Undergrad: 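There's a structure below that I have some questions on.
Worth knowing before you read on, the calculation uses all heavy atoms, side chains too, and leaves out hydrogens, waters and symmetry mates. None of these values were measured; they are calculated from a predicted model. Start at 1 and go down the list; that is how both ligands and their atoms are numbered.
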Amino acid sequence: MNSKETGDRIKIAVQKSGRLTEHSMDLLVRCGLSYSRGKDRLICYGENMPIDVLLVRDDDIPDLVQEDVCDLGIVGLNIIEESALALRADGASRLFDQVATLDFGQCRLSFAVPRGTPYRDAGSLAGKRIATSYPRTVSDYLERNGVDANVVVFSGAVEIAPSLGRADLICDLVSSGETLKAHDLQEVATVLESRAALIRTPVELAPAKARWVERLLQRIEGVLQVKESKYIMLHAPRAALKEITALLPGSEAPTIMTLEGTDDKVAVHAVCRENVFWETLEQLKEVGASSMLVLPVEKMLA
Ligand code: PRT
Ligand code: ZN
């Protein structure tokens, strides 16, 4: 086991309890991390890698990374953008680096008006009271569009602001749109498309730590690629090779092997970086492929 001297270990800030928690921990486990939880349940100690996970509120993650309390953090782009604007406004000389976007936590920060309220473009926001938990991102959007409006800060339950008479419209996170619908609100414009992302400290890491961060980043990239990837094997007439390889979704340079005892047929093996659907197999069959096998990919390292 690695030493648990905190200085040598990588600290990753992850949301303690919320929409990103399970996905974030699952990602780290897929990267090979096994861990035990500390007594206070606020730290997960990596057992097979020098990596510990600090469980915190998502809003605190950018600051923890920017201040180099944590080396890495997993948090939504919505929070990253709001924090970056705050840090810049405070004159911070260094932010944090965004090193990867991840495949969970997808949502968008959108304006929504009470159903039936006319809305044409950003100009329609002029003079309006806008309730939001993202005041800096919204103000920045208004400024970029040359619109003057009043931003009213709500820390939660933003969607009830119009019915309480506290705002004319809202700017909040939307994923399925059900919450807006339930409050008779209509999405009219998107300010930011968001998903979870990995950020890292602006401070240079000690070489041993830097190597582990690099390894982790490579593994994350592998995990993201693997989810959609398939390994396909088939037999193909040599004459149809061009057509067949063109049909393989997202594959680079397939391996072509001769088949014992035939001159006109070859075996094709390829990694497809996209899902392989029945329709693709049917099209492959039409141009002469046979003996097709599609297998899931478990791990991938470029
Ligand atoms: O306690 P802590 O501060 O850590 O958690 P939190 O309550 O601030 O965050 P949490 O767990 O709700 O969300 C964490 C992150 O998940 C957000 O910062 C986003 O990056 C991402 N995310 C993805 C979402 C949503 N989808 C989402 N739908 N965050 C919030 N919502 C809310 C939204 O605010 C609205 O109330 O869900 C409602 C809308 O959902 P739909 O499906 O009805 O449109
Ligand atoms: Zn939060």
Side-chain angles (χ1 to χ4, degrees), residues 11-28 37 40-44 53-67 69-70 72-87 95-96 98-115 119 130-138 140-141 151-164 166-167 169-200 220 224 227:
K11 288 194 252 359
I12 307 184
V14 162
Q15 190 186 23
K16 181 170 174 244
S17 157
R19 289 169 203 260
L20 305 181
T21 309
E22 213 182 309
H23 289 288
S24 304
M25 294 311 292
D26 180 59
L27 174 67
L28 296 174
R37 274 214 158 172
D40 54 8
R41 307 189 69 77
L42 296 179
I43 302 182
C44 297
V53 181
L54 262 71
L55 298 166
V56 296
R57 286 202 58 191
D58 65 348
D59 315 71
D60 296 332
I61 294 176
D63 281 357
L64 287 171
V65 175
Q66 191 260 344
E67 289 162 10
V69 177
C70 291
L72 298 170
I74 299 177
V75 64
L77 291 173
N78 50 311
I79 304 270
I80 292 176
E81 175 68 11
E82 185 72 12
S83 302
L85 287 166
L87 286 165
L95 290 181
F96 34 73
Q98 189 182 310
V99 284
T101 49
L102 307 171
D103 63 346
F104 55 88
Q106 287 91 342
C107 58
R108 52 200 186 272
L109 182 65
S110 288
F111 287 109
V113 298
R115 191 163 297 284
Y119 179 92
I130 307 168
T132 188
S133 311
Y134 296 89
R136 291 195 170 81
T137 312
V138 172
D140 181 64
Y141 177 89
V151 177
V152 188
V153 183
F154 266 63
S155 54
V158 176
E159 59 280 350
I160 62 170
S163 58
L164 291 178
R166 302 273 307 277
L169 71 148
I170 70 167
C171 189
D172 198 14
L173 297 178
V174 185
S175 52
S176 68
E178 285 304 315
T179 305
L180 293 184
K181 217 157 115 193
H183 291 85
D184 224 15
L185 295 165
Q186 188 180 356
E187 188 176 358
V188 288
T190 296
V191 173
L192 179 86
E193 294 282 352
S194 183
R195 52 174 53 225
L198 184 74
I199 52 174
R200 63 169 276 169
I220 288 176
L224 296 177
K227 285 198 184 157

Undergrad: Once rounded to the nearest 0.5 Å, what's the spacing between atom OH of Y141 and atom CD1 of I130?
TA: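 Going from the OH atom of Y141 to the CD1 atom of I130 covers 9.5 Å.
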Undergrad: Excluding waters, which protein N, O or S atoms are within less than 2.8 Å of the Zn ion (ligand 2)?
TA: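 Atoms qualifying: D58 OD1, D59 OD1.
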Undergrad: Tell me the protein heavy atom at minimum distance from atom 1 (O) of ligand 1, and give that distance in Å.
TA: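 Answer for atom 1 (O) of ligand 1: R57 NE, 3.5 Å.
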Undergrad: When the ring planes of H23 and F104 are compared, do they come out parallel, tilted or perpendicular, using 30° and 60° as the limits?
TA: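 H23 and F104: parallel rings.
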Undergrad: Give me the one residue out of V174, I170, D172 that meets side chain to side chain contact (heavy atoms under 4.5 Å, CB included) with E187.
TA: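 So, applying the side chain to side chain contact (heavy atoms under 4.5 Å, CB included) to E187 and each of V174, I170, D172, only V174 qualifies.
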Undergrad: Could you check atom 14 (C) of ligand 1 against the protein and tell me its nearest heavy-atom contact, residue, atom and distance included?
TA: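 Scanning the protein heavy atoms, the shortest distance from atom 14 (C) of ligand 1 goes to D58 OD2, 3.4 Å.
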Undergrad: Just to confirm, does any protein heavy atom lie below 4.0 Å from atom 16 (O) of ligand 1?
TA: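 Looking at atom 16 (O) of ligand 1, one finds that a protein heavy atom does lie closer than 4.0 Å.
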Undergrad: Where the closest heavy atom to atom 6 (P) of ligand 1 is concerned, which of H23, R19, Q15 has it?
TA: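 It is Q15 that holds the nearest heavy atom.
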Undergrad: Heavy atoms only: which of L173, N78, V75 lies closest to atom 29 (N) of ligand 1?
TA: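 Of the listed residues, L173 has the closest heavy atom.
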Undergrad: Among all the protein's non-hydrogen atoms, which is closest to atom 41 (P) of ligand 1, and how far away is it?
TA: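 Checked against all protein heavy atoms, atom 41 (P) of ligand 1 sits closest to S176 OG, 3.3 Å.
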Undergrad: With heavy atoms only and a cut-off of under 4.0 Å, state how S175 meets ligand 1: side chain, backbone, both or neither.
TA: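 Contact part for S175 vs ligand 1: both backbone and side chain.
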Undergrad: Could you pull out, from T21, L20, T179, D172, the option with a heavy atom nearest to atom 38 (C) of ligand 1?
TA: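 Shortest heavy-atom distance from atom 38 (C) of ligand 1: T179.
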Undergrad: Examine V174 against ligand 1 and note whether any of their N/O atoms are separated by less than 3.5 Å.
TA: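 It does not: no N or O of V174 is found under 3.5 Å from an N or O of ligand 1.
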Undergrad: Could an N or O of ligand 1 be found under 3.5 Å from any N or O of S17, whether backbone or side chain?
TA: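 N/O-N/O distance below 3.5 Å does not exist for this pair.
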Undergrad: Taking 4.0 angstrom as the limit and counting only heavy atoms of G76, give me the atoms of ligand 1 inside it, by number and element.
TA: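 In order of number, 20 (O).
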Undergrad: How many angstroms lie between SG in C171 and CG in L109, if you round to the nearest 0.5 Å?
TA: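 CG of L109 is found 4.0 Å from SG of C171.
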Undergrad: Quick check against the 3.5 Å criterion: does S194 have a side-chain atom that pairs as donor or acceptor with the backbone of L77?
TA: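 Yes; judged by distance alone, with no hydrogens or angles, the pair exists.
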Undergrad: Given that the side chain starts at C-beta and the backbone is N, CA, C, O, which of these parts of I79 lies under 4.0 Å from ligand 1, counting heavy atoms, or is it both or neither?
TA: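 Looking at I79 and ligand 1, just side chain atoms fall under 4.0 Å.
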